[in-house]
There are 2 protein chains.
Amino acid sequence: MASLSKCIGMMDEGIERTIRLIPQLPAVEAKLSRLMLMVSGSLNEELEFELKPYKLNHSEFLTLMFLYSRPDSSSTPGELCEFTKQGATNMTRIGNTLVKRGLVTRGGSDDDRRRVVIRITATGKRLVLKIVPPLFPRLDAMFQGFSDTDKKNLSRLLRKLAHNLDQATGDSDTHIGTMKATK
Amino acid sequence: MASLSKCIGMMDEGIERTIRLIPQLPAVEAKLSRLMLMVSGSLNEELEFELKPYKLNHSEFLTLMFLYSRPDSSSTPGELCEFTKQGATNMTRIGNTLVKRGLVTRGGSDDDRRRVVIRITATGKRLVLKIVPPLFPRLDAMFQGFSDTDKKNLSRLLRKLAHNLDQATGDSDTHIGTMKATK
DNA sequence: ACCTTTTACTTCACCGATGAAATATAAGCT
DNA sequence: AGCTTATATTTCATCGGTGAAGTAAAAGGT
C-alpha cells in the first residue's frame, strides 16, 4: 500500500509531465488543490477508521457532534444539511439510523409543522464523551512539528481559500443545488 | 444554501461550545482538521460539477488524467489503486465504465498474466484536452489573493501534514487495508 | 518438480450517498 | 378567503463505493 507521500510524489511527477502536454496548466494551483484533496482524503480515512469500533460513520458522527455542541442539544434536518453539506435525503436516512440506535430523538416543531426537531439523547451524549477523548492523541500527532505560526498560517490560508470558493459559487449560483462535501 | 464561510463560522462556534463540555479538546487542531475537510469537500463539489457535462465523475477523471500523464499512457489497476486510493473492486468498475465509453482499453500484460494493462485511447486523450483547459480560470480564481509565499507555505504545510499522516499509519499499520481517500 | 503462500483482479452482495418526485405545510399575493 | 409559490422532509430508484470471496497466476520453499 503506497504511502500518502509516495502518492504525492507521483502526483507531482504527473503534473510535471502534463505541463509538457498542456503548457497553460497552472501547475502550482493544480498541485495545491490535488494536495488538499489527497490530505483530506487521508484525514477522512483516519476518522472513519477511529469511528468503526463504535459502528458510526463520519456523517453520523458529525451529526451527533453538531447536536452535542448546540445550546439546546437540538437542530433540524434542514440546518444539519446546511452545516454538514449533506442532502436532505441523506439526512433523513442518517436521522433514521441514529433514532434507531437511541442516540437521537425526532419530534415535531411547535412553530412550523413542516419542521422536524432532532435532539441528541443522554445515550448519544455518553457515546460522544466516549468517542472524542481517544481522538486527541492522533489529532496532536497530526500536527506534530507545526509551530503556532504554522497553525495560524494554515488556518488563515484555508479560510481564504474557503472565501474564494464562496466567491465563485456566489458568482454563478446556477449550480448551487445541494452542494455536498466529502465528510 | 449556506456558504462555506458560514458553515466554518458554525464550526468555530460549535468547537468553542464543545470545549466547555470537553476542556481537553485540542481546539486549534480540531478546527484545522475540520477546515481541511470542509474546504476540500467544496473543492470536490466544484470539480464534480465541472465534470458533469462530460458525464464523468471525479474518480473516472482522475484515472484518465493519471493515464494521460504517463509516458506510455498506461498503467495497471493495482498502480491506479495506489495512486487514487481506490479499492480494487471499484477500479474494476471504473475501468469497465471507461472501456465501455472507448476512453481506455484493457489488455493483458506480457510479463505477468495476472496483470491488466489499462491504456488511454486517442478518444480519451481528446476528452482530457477538452475538459482540462476550461478548469484553469476557476483554479486561478480559487487562489486569488494568494501570494507566492502563501502558496509555498500552503504546500509546505500540507506536505508536512501528509508526512505526519504517514507516520501514524506506519506506526500502526494494523489498520492498513485498502485505505481510501475522498477524491 | 511440486506444493504452499502471495499477488492481481473480478464478482457478489451490501452500504452510504444522490436526484427526482411526492406529501404536507407555510408564506405571499390578490 | 382562496389560490399560487415556496419550504421541509420523506420516499424511491439509482450511483459510486466497500468487504468478502473467488479465480488465475506468480513467487517461494523444499
Side-chain angles (χ1 to χ4, degrees), chain A residues 1-2 41 44-45 47-49 51-52 55-63 74-101 104 106-118 175-183, chain B residues 1-2 41 44-45 47-49 51-52 55-63 74-101 104 106-118 175-183:
Chain A
M1 209 285 303
N44 189 64
E45 201 70 40
L47 185 49
E48 290 276 0
F49 175 78
L51 295 173
K52 210 181 277 291
K55 298 185 190 350
L56 278 182
N57 65 32
H58 190 170
S59 303
E60 291 158 348
F61 175 68
L62 193 55
T63 301
S74 76
S75 186
T76 63
E79 190 179 43
L80 280 158
C81 285
E82 282 195 81
F83 174 66
T84 63
K85 299 287 186 191
Q86 292 283 1
T89 305
N90 201 36
M91 193 50 65
T92 297
R93 194 187 55 77
I94 290 170
N96 288 345
T97 302
L98 296 177
V99 163
K100 187 172 294 180
R101 290 180 60 179
V104 307
R106 203 202 233 101
S109 171
D110 289 334
D111 49 34
D112 190 331
R113 290 214 292 275
R114 294 171 298 182
R115 283 203 170 139
V116 163
V117 173
I118 296 187
H175 75 271
I176 292 183
T178 309
M179 283 186 88
K180 322 275 179 37
T182 52
K183 283 78 62 186
Chain B
M1 207 284 304
N44 189 64
E45 201 71 38
L47 185 48
E48 290 277 2
F49 175 78
L51 294 173
K52 211 182 279 288
K55 298 188 193 341
L56 278 181
N57 66 32
H58 191 169
S59 304
E60 290 159 349
F61 175 68
L62 193 54
T63 300
S74 75
S75 185
T76 63
E79 190 179 42
L80 280 159
C81 285
E82 281 194 80
F83 174 67
T84 63
K85 299 288 188 191
Q86 292 282 1
T89 305
N90 201 36
M91 192 49 65
T92 295
R93 193 186 56 76
I94 290 171
N96 288 343
T97 301
L98 295 177
V99 162
K100 187 174 293 181
R101 289 181 60 179
V104 307
R106 201 200 236 101
S109 171
D110 289 335
D111 51 32
D112 190 330
R113 290 211 295 272
R114 292 173 297 179
R115 283 200 168 139
V116 164
V117 173
I118 296 187
H175 76 269
I176 293 183
T178 308
M179 284 187 85
K180 314 272 180 44
T182 51
K183 281 86 52 178

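Since the structure is predicted, the reported quantities are computational estimates derived from the model, not experimental observations. Lettering follows sequence order; numbering is per chain, from 1.
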Rounded to the nearest angstrom, tell me the gap between atom [atom1] in [X] and atom [atom2] in [N].
X        : N      : atom1 : atom2 : result
B:His58  : C:dA17 : NE2   : C1'   : 17 Å
A:Lys85  : C:dT18 : NZ    : C1'   : 16 Å
A:Asn90  : C:dC15 : CG    : C1'   : 11 Å
B:Glu48  : D:dC15 : CD    : P     : 15 Å
B:Asp111 : D:dA25 : CG    : P     : 15 Å
B:Asn57  : D:dG16 : CG    : P     : 5 Å
A:Leu51  : C:dG16 : CG    : C1'   : 14 Å
B:Leu80  : C:dA8  : CG    : P     : 13 Å

I'd like to compare against my own output: the B/S/- annotation of nucleotides 3-13 of chain D with a strict under-4.0 Å heavy-atom distance to protein. ---BBSSBBB-

Could you tell me which non-hydrogen atom of B:Pro77 sits nearest to which non-hydrogen atom of B:Met91, and how far apart they are? O-CG, 3.8 Å

So, for A:Gln86 and A:Ser59, which heavy atoms are closest and what is the spacing to 0.1 Å? NE2-OG, 2.8 Å

Closest-nucleotide ordering on DNA chain C, the 5'-leading residue of A:Glu60 and A:Arg113: A:Glu60

Distance in Å, A:Arg93 CZ paired with A:Asn96 CG, rounded so as to fall on 0.5 Å steps: 9.0 Å

Using the salt bridge (charged side-chain N to carboxylate O under 4.0 Å, His left out) criterion, which residues pair with B:Arg101? Sequence neighbours excluded. none

Do the side chains of A:Lys100 and A:Thr97 get nearer than 4.5 Å, heavy atoms only? no

Taking only N and O in the side chain of A:Gln86, is any of them less than 4.0 Å away from OP1 or OP2 of C:dG16? no

Just to verify, what does A:Arg115 make a side chain to side chain donor-acceptor pair (under 3.5 Å) with, not counting sequence neighbours? none

